[in-house]
Each structure stands twice: as C-alpha cells, then as structure tokens.
Amino acid sequence: MQVKHLLLIAILALTAACSSKETISENLGEAELYQQAQADLDDRSFTSAINKLKALESRYPFGRFAEQAQLELIYAYYRNSEPEAARSSAERFIRLHPQHPNVDYAYYLKGLASFDQDRGLLARFLPLDMTKRDPGAARDSFNEFAQLTSRYPNSRYAPDAKARMVYLRNLLAANEIHVADYYLRRQAYVAAANRGRYVVENFQGTPAVGDGLAVMTEAYQHLDLDELSNSSLETLKLNYPDHPSLQDGEFVPRQKESDNRSWLSRATLGLIETENASPDTTQSNRDVLRQYEAAAKDLPDELRPVLREAEAESDDERDEGRSWWSYLTFGLFD
C-alpha cells in the first residue's frame with residue numbers, strides 16, 4: 001500500500017510540474033484575478049493559485065486585494081508543500097505590514113511551515129522516528145509559535161500554537177536524549193552527562209526528564225563521580241520510581257559496557273585475545289601522523305640521520321612488545 005501511495009504521489013507531482021506553466025491573460029481585472037485565485041484554492045489547485053496571486057500582486061501592488069493576496073500566497077505555498085517559500089512570504093508580509101489586523105495569521109502560517117518542513121512524503125508514509133531527525137526545523141517552529149503566543153496571546157490561532165509547542169518541546173527533549181545515548185555508546189561520558197543535565201534544566205515537565213536523570217546517573221558512574229551519581233539516582237527514584245532504568249529499586253544502565261574486543265577475540269569466545277585498538281587509530285591521530293610524515297619529507301638533509309635513528313629505536317620497542325600471535329600472523333591482527 002505504501003508503494004502505491006508513493007507512486008501516486010510521484011504521478012501527481014509530475015502532473016503538477018507539467019501544468020505549472022500556466023498563461024494568465026493580461027486582460028483580467030484585479031477583482032476577476034482574485035476571484036480566480038480563490039476558486040483555485042477551493043479546488044486545491046495550489047500551483048495555479050500561486051501563479052494568479054503572484055500576478056495579482058505584481059500587476060496591482062496598491063490595489064484593494066494586494067495585502068489579502070499576500071496572505072493567501074503564504075497559505076498557497078504552505079499547502080503546496082513549499083515550506084521555504086511560505087516562510088519567506090510570511091516574513092515579507094510581517095515586515096511590510098506589522099500592524100495588519102491579520103498579521104497573527106502570518107506568524108501562525110510561518111510556524112506551520114517549519115512544523116511540517118521535516119514531515120515530507122517519506123515521513124508521512126514510512127514509520128520514521130521524528131525524535132531522531134535533525135531538530136533544526138522543530139526548533140524554528142517552536143520559536144515562531146512562541147512569538148505568536150507572546151505577541152498575540154488572544155489570537156484565535158494561539159491555542160493551537162500552544163498545543164503544538166508542547167509537542168515540539170517533548171520532541172526536542174527526546175532528541176537530546178538520543179544524542180546523550182549516542183555519547184554513552186561512544187563512551188563520551190562527560191558529553192552524555194552534559195546532555196542529560198541540559199534536559200533536566202531546560203525541559204522540565206517533559207517525559208524526557210526521567211531519561212535525562214538516568215543518563216546523568218550512568219555517565220557519572222562511569223566517571224567515578226559517586227556524589228553526583230548518587231544525587232542523580234536519588235532524584236530519579238524520588239520523582240520517577242517507575243522509570244525503566246530502575247528494577248527493584250536498583251539502577252540498571254541504559255547502555256551496557258561496550259565490547260572493545262577485536263572480532264577475532266569475540267569469534268573465538270576470548271580464547272585468542274588481541275590488544276584493544278590504541279588511541280593512535282582515531283581519525284585525529286591519523287591526521288597528525290599524516291602531518292608528521294609530510295613534515296619529515298621537508299626536513300633538511302643534516303637532520304635526516306637523527307630522524308632515522310629515532311624511527312629505528314621506535315621499531316625496536318614495538319618488536320619487543322609484540323605477542324606470539326602478532327609474529328605468527330605477520331602483524332595482520334595487531
């Protein structure tokens with residue numbers, strides 16, 4: 001069923017693209033042009049409505065329908081799944097008509113455009129977790145709805161904007177927890193603890209606060225910061241006694257200790273152990289090594305014997321520390 005929906009959407013998109021080049025008669029008056037645009041909006045022919053509204057604005061910039069056409073254009077862009085154009089048109093209307101009686105509608109549509117920006121065709125038909133997506137558009141939408149509710153608290157659109165802000169706040173908090181979990185998996189415990197604390201301090205009232213306390217507890221345990229870990233754990237037990245990380249009153253880490261053993265060690269159930277990868281295998285250290293090699297090529301001739309002597313000593317030290325398995329496999333599994 002999902003494949004059929006996607007094919008249908010693709011066909012409609014191609015049809016819309018082919019029909020976008022519409023010729024608008026230059027003999028149409030302002031009122032007639034506006035009426036035709038309204039008819040297109042009623043028929044959900046948003047591309048055609050956009051063309052007529054843009055023509056109306058360009059032909060009659062000071063007409064009695066000009067400001068209303070600008071508002072209608074924001075709506076048409078939004079319904080035509082053109083969020084960037086909708087936001088741009090809304091910003092333009094707000095800048096040109098800050099005292100317009102319907103300027104709150106422009107703020108509302110601007111927030112809606114950002115709200116739906118990440119909800120593309122795939123997100124609507126595939127089970128994607130929105131909390132794992134880039135939170136940029138969600139953050140923009142929250143800020144734009146916040147502007148609406150603070151400047152126009154009595155607007156007819158304020159209740160819906162506030163409801164969407166609650167959802168967006170929960171989504172942003174959950175996204176922070178996903179990032180914290182990523183740091184835990186990478187053993188970046190300081191970064192994980194900071195993310196958890198950020199959620200606790202800035203997203204009070206969201207379901208993710210308990211997760212933030214659990215992340216702090218686990219990260220502080222790994223860092224051997226017992227006082228901070230115990231404080232976070234007590235707060236978690238007091239406020240979220242049913243949290244999944246608490247089993248029979250005991251804390252269970254969200255992420256198990258990562259297995260840093262080599263594939264050979266895991267495949268042989270530990271019978272053949274190899275040393276864990278050293279920090280020299282990180283990307284930053286590889287970059288440093290490349291810089292070192294490039295600098296070595298540019299050394300003056302009088303310093304090259306010193307460099308070769310230092311490299312020979314380093315090779316001797318590595319040979320002394322090699323295991324029997326390294327010799328047997330010619331260093332392939334070091």
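Both backbone and side-chain heavy atoms feed into the values below; hydrogens, waters and symmetry mates do not.
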Check your understanding: Would you say the side chain of Arg169 lies within less than 4.5 Å of the side chain of Met165, judging by non-hydrogen atoms?
Key -> no
N/O donor to acceptor pairs below 3.5 angstrom from side-chain atoms of residues 69-78, sequence neighbours left out:
{"residue": "Gln70", "atom": "OE1", "partner": "His97", "partner atom": "NE2", "Å": "3.0"}
{"residue": "Gln70", "atom": "NE2", "partner": "Glu57", "partner atom": "OE2", "Å": "3.3"}
{"residue": "Glu72", "atom": "OE2", "partner": "Gln38", "partner atom": "NE2", "Å": "3.1"}
{"residue": "Glu72", "atom": "OE2", "partner": "Gln68", "partner atom": "NE2", "Å": "3.0"}
{"residue": "Tyr75", "atom": "OH", "partner": "Arg79", "partner atom": "NH1", "Å": "2.8"}
{"residue": "Tyr78", "atom": "OH", "partner": "Asp116", "partner atom": "OD2", "Å": "2.7"}

Point to revise | Approximate separation, where rounding is to 0.5 Å, of Leu228 CG and Gln221 CD | key: 11.5 Å
Practice item. Working to the nearest 0.5 Å, report the span between CD of Gln247 and CD of Glu250. Key: 10.0 Å
Review point. Which is it for Gln187 and His222 under the side chain to side chain donor-acceptor pair (under 3.5 Å) test, yes or no, and what are the steps along the way?
Key: CA-CA 9 Å; Gln187 300 180 9; His222 286 293; over 6 Å; no
Check your understanding: So which heavy atom on Ala180 is nearest to which on Arg195, and how close?
Key -> CB-CB, 3.7 Å
Check your understanding: Looking at Ser155 and Leu148, what are the two nearest heavy atoms and their distance?
Key -> OG-CD1, 4.3 Å
Point to revise | Hydrophobic cluster membership, Leu236 vs Tyr198, 4.5 Å side-chain cutoff | key: no
Review point. Quick one: does His243's side chain get under 4.5 Å of Asp211's, heavy atoms only?
Key: yes
Review point. Distance-only, no hydrogens or angles: does the Ser58 side chain make a donor-acceptor pair with backbone N or O of Lys54 under 3.5 Å?
Key: yes
Exercise for review: Please check if Leu109 and Tyr167 belong to a single hydrophobic cluster, counting links between Ile, Leu, Val, Met, Phe, Trp and Tyr side chain heavy atoms closer than 4.5 Å.
Suggested key: yes
Check your understanding: For the side chain of Thr149 and the backbone of Phe145, is there at least one donor-acceptor N/O pair under 3.5 Å apart?
Key -> yes
Review point. Heavy atoms, side chains only, cut-off 4.5 Å: are Leu238 and Thr235 in contact?
Key: no
Review point. So does Glu91 pair up with Arg95, basic N to acidic O under 4.0 Å?
Key: no
Practice item. Determine the minimum heavy-atom distance between Ala158 and Pro153, stating which atoms define it. Key: CB-O, 3.7 Å
Check your understanding: When hydrophobic residues are tied together by side-chain contacts of less than 4.5 Å, even through go-betweens, does Leu233 share a cluster with Tyr189?
Key -> yes
Check your understanding: How far apart are the C-alpha atoms of Tyr240 and Val209, what are their side-chain angles, what is the distance that settles it, and do they pass the side-chain contact (heavy atoms from CB on, under 4.5 Å) test?
Key -> CA-CA 9 Å; Tyr240 302 92; Val209 172; 3.3 Å; yes
Check your understanding: Got Phe46 and Arg44 here, is their nearest side-chain heavy-atom distance under 4.5 Å?
Key -> yes
Check your understanding: Atom OH of Tyr105 and atom OH of Tyr152: how far apart are they, to the nearest 0.5 Å?
Key -> 15.5 Å
**Study point:** ILVMFWY network linking Leu213 to Val190, side-chain heavy atoms under 4.5 angstrom
**Key:** yes
Review point. Hey, are Ser48 and Asp40 close enough side-chain-wise for a donor-acceptor pair under 3.5 Å?
Key: yes
Review point. Roughly how far, to the nearest 0.5 Å, is CG of Leu33 from CZ of Phe65?
Key: 10.0 Å
Practice item. Would you kindly check if the NZ (Lys) or CZ (Arg) of Arg164 is within the cone defined by 45 degrees around the ring axis of Phe115 and under 6.0 Å from the six-membered ring centre? Key: yes
Check your understanding: Quick one: does Ser89's side chain have a donor or acceptor within less than 3.5 Å of a partner on Ala85's backbone?
Key -> yes
Practice item. Answer yes if Leu246 and Val199 sit in the same cluster of Ile, Leu, Val, Met, Phe, Trp and Tyr residues linked by side chain heavy atoms under 4.5 Å apart, and no otherwise. Key: no
Practice item. Output, in order, the C-alpha distance, side-chain angles, deciding distance and verdict of side chain to side chain donor-acceptor pair (under 3.5 Å) for Ser114 and Arg87. Key: CA-CA 8 Å; Ser114 297; Arg87 295 180 71 239; 2.8 Å; yes
Check your understanding: Closest approach of Ala31 and Arg64, non-hydrogen atoms and distance?
Key -> CB-NH2, 4.3 Å
Exercise for review: Verify, without hydrogens or angle tests, whether Asn230 (side chain) and Asp226 (backbone) share a donor-acceptor contact under 3.5 angstrom.
Suggested key: yes
Check your understanding: Less than 4.5 Å apart, any side-chain heavy atom of Ile50 and any of Glu82?
Key -> yes
**Study point:** Value rounded to 0.5 Å, distance of CZ in Arg197 from CG in Asn202
**Key:** 10.0 Å
Exercise for review: Kindly say whether Val252 contributes a backbone atom to a donor-acceptor pair with the side chain of Ser245 at under 3.5 angstrom?
Suggested key: no
Practice item. Evaluate the criterion side chain to side chain donor-acceptor pair (under 3.5 Å) for residue pair Asp160 and Tyr108; output intermediate values, then yes/no. Key: CA-CA 9 Å; Asp160 183 72; Tyr108 179 67; 2.6 Å; yes
Practice item. Kindly determine whether Gln99 and Val103 satisfy side-chain contact (heavy atoms from CB on, under 4.5 Å), including the steps that lead there. Key: CA-CA 7 Å; Gln99 304 301 324; Val103 70; over 6 Å; no
Revision key, fill the gap. Value for CZ (Arg139) from OG (Ser141), rounded to nearest 0.5 Å, stands at 12.0 Å
Check your understanding: At their closest point, which heavy atom of Leu172 faces which heavy atom of Ala138, and how far apart are they?
Key -> CD2-CB, 4.0 Å
Check your understanding: Any sub-3.5 Å donor-acceptor pair from Gln204's side-chain atoms to Val200's backbone N or O?
Key -> yes
Practice item. Report yes if the side chains of Met216 and Tyr220 come closer than 4.5 Å at any heavy-atom pair, otherwise no. Key: yes
Exercise for review: Report the C-alpha distance between Glu144 and Tyr107 in whole Å, list the side-chain angles of each, state the deciding distance to 0.1 Å, and finish with yes or no for side-chain contact (heavy atoms from CB on, under 4.5 Å).
Suggested key: CA-CA 7 Å; Glu144 288 153 4; Tyr107 278 102; over 6 Å; no
